[in-house]
Amino acid sequence: MDLNSTVSAQRLHIGFFGTVNSGKSSLVNALTGQKLSIVSDTRGTTTDPVQKAMELLPLGPVVIIDTPGLDDGTELGRLRIERTMQMLRKTDIAVIVTDASEKNAETEGFIKKVREEGIPYILVRNKCDLDDTDADGSDVLFVSAKTGKNINELKRRIAASIPAVRAEKRIVSDLLKKGDTVILVTPIDESAPKGRLILPQQQTIRDILDIGGICMVAQPDKLASSLDLLKEPPRMIVCDSQVFGYVDSVVPKGIALTSFSILFARYRGDFEQLIRGSDAIDRLKDGDTVLISEGCTHHRQCGDIGTVKLPAWLKKYTGKELNFRFTSGGEFPKDISGIALVVHCGGCMLNARELSGRLDNCEIEGVSVTNYGIAIAKMHGILERALSVFHICQV
């Protein structure tokens, strides 16, 4: 990723869906002007979803998703279709592709699903160079990946499907003013990526700098000396949730304190839902199942926060014998019945639609969901302090 790149979680995700050999991959290549997907006359060439982050004029930074055929009748077809449905959960705009000779009935079931999910979609009939029909209209766009017919019109329709006004959320800068100093406490331990900071830390630094704020970055054992260097107290201290307890003991009570994970709970998800969900920790009983879900995949270390530290803290805080399930990356169970609580990471690697879909699923199923940082602050007895920076108490 170069210095000017936009992270995938903040890019518009455009998914291409359709029947086997409808020309999805050819259309993707024609739209992007690149050979992103393998193209062949052999049925079912695309066997796994293909994702590519790129700049696509006039849309800007996007992620293009090419998927296997919806009617894949091979032995692995069911699993491939399941992967396709996983891609739908993160899709902002769906391009539904059929062969120009096919009838709409073949995709009606999928269109119904897309409508139920509230995803804007464009219905495209490909290979119009093989058919004399010319029935372009408001509902269907006839295109040809081979000749390039209506490819620019497809781009225009995709752009027109983007909401005209998107509420711009900020990570932390809306709580600051120009010249404010923020100390970021970032442990460098066995789980820290070698040679770089993790994405939430990078994005928080950039957000502070964009409004003319001042950042100091320190490891936990250097926090006290960092405070001594300042003539005036910092406006705020943001720490890694894993060191919440220690940082709370070092930082004077008059200084605002929160965590990266709590900032991202507000930035990426339904903040009030995640705060309310933390109440369920007090209601956990022996034998309850807690789902701990991370949006990214990484090599598990011996002190991994998701699979080691959080379960230990939950058992110690509740005094209960709990069962744990773990998911990571694009995995998130559709059926969450039988789960007493979901504890989700900050979701920095998920786009807004995918994270929102997970939280909505919890809401629909009546399952409480909270966030790593909120849960950790609660279990350390400092949730009220961690939320006071937002001028709210636990809801």
Side-chain angles (χ1 to χ4, degrees), residues 8 11-39 45-46 48-72 80-81 83-129 131 135-163 351 353-354 357:
S8 290
R11 291 171 177 262
L12 182 75
H13 284 56
I14 306 170
F16 286 73
F17 305 90
T19 54
V20 173
N21 262 38
S22 59
K24 298 183 301 298
S25 298
S26 296
L27 189 57
V28 165
N29 291 346
L31 184 78
T32 62
Q34 301 181 30
K35 293 183 179 180
L36 300 184
S37 300
I38 298 174
V39 175
T45 300
T46 303
D48 287 295
V50 176
Q51 300 182 73
K52 174 67 175 179
M54 63 181 301
E55 298 288 322
L56 183 63
L57 295 176
L59 303 172
V62 301
V63 172
I64 299 293
I65 306 171
D66 188 13
T67 61
L70 295 169
D71 57 340
D72 189 336
R80 290 169 178 166
I81 291 172
R83 291 290 305 277
T84 294
M85 292 306 176
Q86 287 181 0
M87 293 299 103
L88 183 62
R89 295 174 197 168
K90 64 173 64 179
T91 297
D92 294 305
I93 298 173
V95 179
I96 303 173
V97 186
T98 63
D99 187 302
S101 63
E102 295 175 358
K103 296 181 179 180
N104 285 340
E106 295 187 51
T107 55
E108 283 180 356
F110 184 73
I111 292 173
K112 181 180 179 181
K113 175 68 175 175
V114 170
R115 286 174 175 166
E116 290 173 351
E117 297 289 335
I119 301 172
Y121 70 93
I122 301 166
L123 183 59
V124 172
R125 293 289 182 87
N126 193 20
K127 304 182 184 179
C128 68
D129 54 294
D131 194 295
D136 295 345
S138 58
D139 296 330
V140 181
L141 177 65
F142 277 65
V143 304
S144 171
K146 182 177 181 180
T147 67
K149 179 181 177 179
N150 279 340
I151 296 300
N152 286 335
E153 174 62 15
L154 176 57
K155 290 183 182 180
R156 188 196 68 76
R157 293 197 183 190
I158 292 173
S161 299
I162 303 172
N351 71 335
R353 176 170 289 279
E354 185 170 12

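Note that the structure is a prediction, hence the values are computed from the model and not measured. Nothing fancy with the numbering, it's 1 onward along the sequence.
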As an exercise, state the distance from [atom1] of [X] to [atom2] of [Y], rounded to the nearest 0.5 Å.
X	Y	atom1	atom2	answer
I122	I14	CD1	CD1	8.5 Å
L88	R353	CG	CZ	8.5 Å
S161	R156	OG	CZ	9.0 Å
N152	R157	CG	CZ	13.0 Å
D92	L12	CG	CG	5.0 Å
I64	H13	CD1	NE2	10.0 Å

### Task
Apply side chain to side chain contact (heavy atoms under 4.5 Å, CB included) to I111 and Y121, showing your working.
CA-CA 8 Å; I111 292 173; Y121 70 93; 3.6 Å; yes
### Task
Determine, for K112 against E108, whether the closest basic-nitrogen to carboxylate-oxygen distance falls under 4.0 angstrom.
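So K112 does not pair with E108 through a salt bridge.
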May I ask you to test the [X]-[Y] pair for a side-chain heavy-atom distance under 4.5 Å?
X	Y	result
L31	L154	yes
F16	M87	no
I96	V124	no
E153	L141	yes
K149	V143	no

Check: [X] side chain, [Y] main-chain N or O, donor-acceptor pair, under 3.5 Å:
X	Y	answer
N150	F142	yes
T91	A94	no
R11	M54	yes
T67	P49	no
N126	G23	yes
N351	K90	yes

### Task
Show the numbers, then the answer: is there a side chain to side chain contact (heavy atoms under 4.5 Å, CB included) between I65 and V50?
CA-CA 6 Å; I65 306 171; V50 176; over 6 Å; no
### Task
Could you list the residues that satisfy salt bridge (charged side-chain N to carboxylate O under 4.0 Å, His left out) with E117, not counting sequence neighbours?
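If we apply the salt bridge (charged side-chain N to carboxylate O under 4.0 Å, His left out) test to E117, skipping adjacent residues, the hits are K113.
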#### Entry: With R115 via salt bridge (charged side-chain N to carboxylate O under 4.0 Å, His left out) - residues at least two apart
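R115 satisfies salt bridge (charged side-chain N to carboxylate O under 4.0 Å, His left out) with no other residue.
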### Query
Which pair of non-hydrogen atoms, one from A30 and one from I151, has the smallest distance, and what is that distance?
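Looking at all heavy atoms of both residues, the shortest contact is O-CG2, 3.8 Å.
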